[in-house]
Amino acid sequence: MYTVIGLALFAAFVACFHHLYKLMFNSYGFRLPLPPGTLGWPYVGETFELYSQDPNVFFASKQKKYGSIFKSHILGCPCVMMSSPAAAKFVLVTNSHLFKPTFPASKQRMLGPEAIFFHQGQYHQKLRKLVLRAFMPEAIKTHVSDVEAIAIHSLRSCEGRLITTFHEMKTYTFNVALLSIFGKDEILYREDLKRCYYVLEQGYNSMPVNLPGTLFRKSMKARRELAQIVAKIIATRREAKAEHNDLLASFMGGSAGLSDEQITDNVIGVIFAARDTTASLLTWILKFLAENPTVLEAVTKEQEAVVRGEQGLSWADTKNMPLTTRVIQETLRVASILSFTFREAVKDVEYEGYIIPKGWKVLPLFRSIHHSPDLFPEPEKFDPSRFEVSPKPNTFMPFGSGTHACPGNELAKLEILVLLHHLTTKYRWSKVGTQNGIQYGPFALPQSGLPLRLARKEEAAV
Ligand code: HEM
């Protein structure tokens, strides 16, 4: 008996050692070498080095040592990181069929396994068409006045208060996301959806331990409740048979052929994709404008020229704000909200004389590309004028690129322009405190969510 256990333990030890040896010493027997680089400690690899600091510091030191493609080991997986525009294009666009999206299983369970970002192939294409139909300019044009009403209300609620910018912007972007998904009907369900979504998000980065009292358990319960609310909205719509012009209508269309479960997973997925990204970008924009008074003055002037009073902004107005648009682009570049994305090689892939083994993660490093001094001179400087000239192809990818590129980018730009219009024409704001650091968790964000004081211009002048 003991001999059998002993032999089994010995075999397990040999297997582990063999796996580790192969990882460390690149003896997979491939014709080509693995990219250069180090894999760090067993299992944890270099996760701590990457996530405990500005990712640029980690990427830049690796790049200096090994060049623009190097291997590492993070979150329990061997991976290849790529920091050149050509490599990002190879993975995301020209050879995207060789690299599938990849997320931890617990995140898939929480957002919903049928959500768009977890898929490839026909099902993904079908979902993308439905999402793009609801978020293309023709469709979101019709939402401008409703987005404007939400922006005005959000800013009013911040007047005269010490605010945490990120927190307030999350409420704004959540409300716009609900508008784009459920149309004006969302108002009926907004508070319930908000309550459940806020519990869900608290468990998103928690340990996936499904035991009584854990954040993960509470999150999964909130997710079930969210699904019930969405199911109720779907049922009400089916009964009423009225016409709608929003994402839910696109998902529920007869030709879409989606099950209620697939619709729900994608509704929750879009809220997830839309809210924190846009809120984080808005927080950065407020910070950069507060720190660059000349740019703020020029943006304010541009916005004052389109004040429409009672009539409100039109879609055409939002397409005629060149300086404000450059401020958004430059903030997307400097802040690089999503530092990188993840894919997984579906088979052994050769690239630039190296092998990327099947199953390895591949990370195109958006932040490194956006901060390359060869592509963007003085990369740390906030200078919107650099976008007076279009960036070279594949050097500016804040919304990703290729088959999974962000379908919500037009809506994100619209809601940012509308909020900035009312903010710069009616309010003054100043940063509170001396904190100037950056938090990475998982989106890059000014320290403590950027505490601010916001006041109406006429009151601030008194
Ligand atoms: C400033 C705001 C935003 C940024 C920086 C951003 C960035 C991105 C990026 C980089 C990707 C691609 C990820 C990858 O390739 O792995 C992506 C995908 C996606 N985004 Fe956005 N996004 C923003 C706002 C939004 C909004 C407002 C919506 C919806 C209304 C949205 C919906 C989506 C969806 C559904 C996907 C998945 C697409 C697919 O897998 O085919 N995003 N986003």
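Note: hydrogens, waters and symmetry copies are ignored here, and every other heavy atom, side chains too, is used. Atoms within each ligand, like the ligands themselves, are counted from 1 in listed order.
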Centroid-centroid under 6.0 Å between [X] and [Y] rings:
{"X": "F90", "Y": "Y351", "value": "yes"}
{"X": "F272", "Y": "Y204", "value": "yes"}
{"X": "F174", "Y": "Y172", "value": "no"}

**Study point:** Evaluation steps, salt bridge (Lys or Arg N to Asp or Glu O under 4.0 Å), between R238 and D260
**Key:** CA-CA 12 Å; R238 283 210 181 103; D260 287 7; 2.9 Å; yes
Heavy-atom distance to [atom]: which of [options] wins?
{"atom": "atom 4 (C) of ligand 1", "options": "W284, F117, F103, F399", "answer": "F399"}
{"atom": "atom 35 (C) of ligand 1", "options": "A177, C406, P407, G408", "answer": "P407"}
{"atom": "atom 23 (C) of ligand 1", "options": "T277, L92, L282", "answer": "T277"}

If you count the atoms of ligand 1 from 1 in the order shown, which ones are under 4.0 Å from a heavy atom of [X]?
{"X": "G400", "result": "10 (C)"}
{"X": "H124", "result": "39 (C), 40 (O), 41 (O)"}
{"X": "R343", "result": "14 (C), 15 (O), 16 (O)"}
{"X": "L338", "result": "7 (C), 8 (C), 9 (C), 10 (C)"}
{"X": "P398", "result": "5 (C), 7 (C), 10 (C)"}
{"X": "R128", "result": "38 (C), 39 (C), 41 (O)"}
{"X": "L411", "result": "30 (C)"}
{"X": "I116", "result": "35 (C), 39 (C), 40 (O), 41 (O)"}

Is [X] reaching over with its side chain to a backbone N or O of [Y], donor-acceptor style, under 3.5 angstrom?
{"X": "S157", "Y": "S154", "answer": "yes"}
{"X": "W315", "Y": "V144", "answer": "no"}
{"X": "T424", "Y": "T300", "answer": "no"}

Review point. Is the cationic atom of R333 (NZ for Lys, CZ for Arg) positioned less than 6.0 Å from the six-membered ring centroid of F376 and within 45 degrees of its normal?
Key: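 Because its charged atom sits under 6.0 Å from the ring centre and within 45° of the axis, R333 does stack over F376.
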Looking only at protein heavy atoms, identify the closest one to [atom] and say how far it is in Å.
{"atom": "atom 16 (O) of ligand 1", "answer": "T341 OG1, 2.5 Å"}
{"atom": "atom 2 (C) of ligand 1", "answer": "T278 OG1, 3.6 Å"}
{"atom": "atom 29 (C) of ligand 1", "answer": "A274 CB, 3.6 Å"}
{"atom": "atom 40 (O) of ligand 1", "answer": "H404 ND1, 2.7 Å"}
{"atom": "atom 32 (C) of ligand 1", "answer": "A273 CB, 3.5 Å"}

Exercise for review: Please name the residue in the list K129, H119, H404 that meets the side-chain hydrogen bond (donor to acceptor under 3.5 Å, both in side chains) test with H124.
Suggested key: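 Exactly one pass, corresponding to H404.
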Check your understanding: Would you say the side chains of R367 and S336 form a donor-acceptor pair under 3.5 Å?
Key ->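 Their side chains do not contain a donor-acceptor pair, so the 3.5 Å distance test is not met.
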Check your understanding: From I271 CD1 over to L193 CG, what is the distance, rounded to the nearest 0.5 angstrom?
Key ->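 The CG atom of L193 is 6.0 Å from CD1 of I271, to the nearest 0.5 Å.
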Practice item. Tell me which part of F135 gets within contact of ligand 1: side chain, backbone, both or neither, using heavy atoms under 4.0 Å. Key: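 The part of F135 near ligand 1 is the side chain, not the backbone.
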Exercise for review: Please confirm whether E415 comes within less than 3.5 Å of ligand 1 when only nitrogen or oxygen atoms on both sides are compared.
Suggested key: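 The answer is no, given that E415 and ligand 1 share no N or O pair closer than 3.5 Å.
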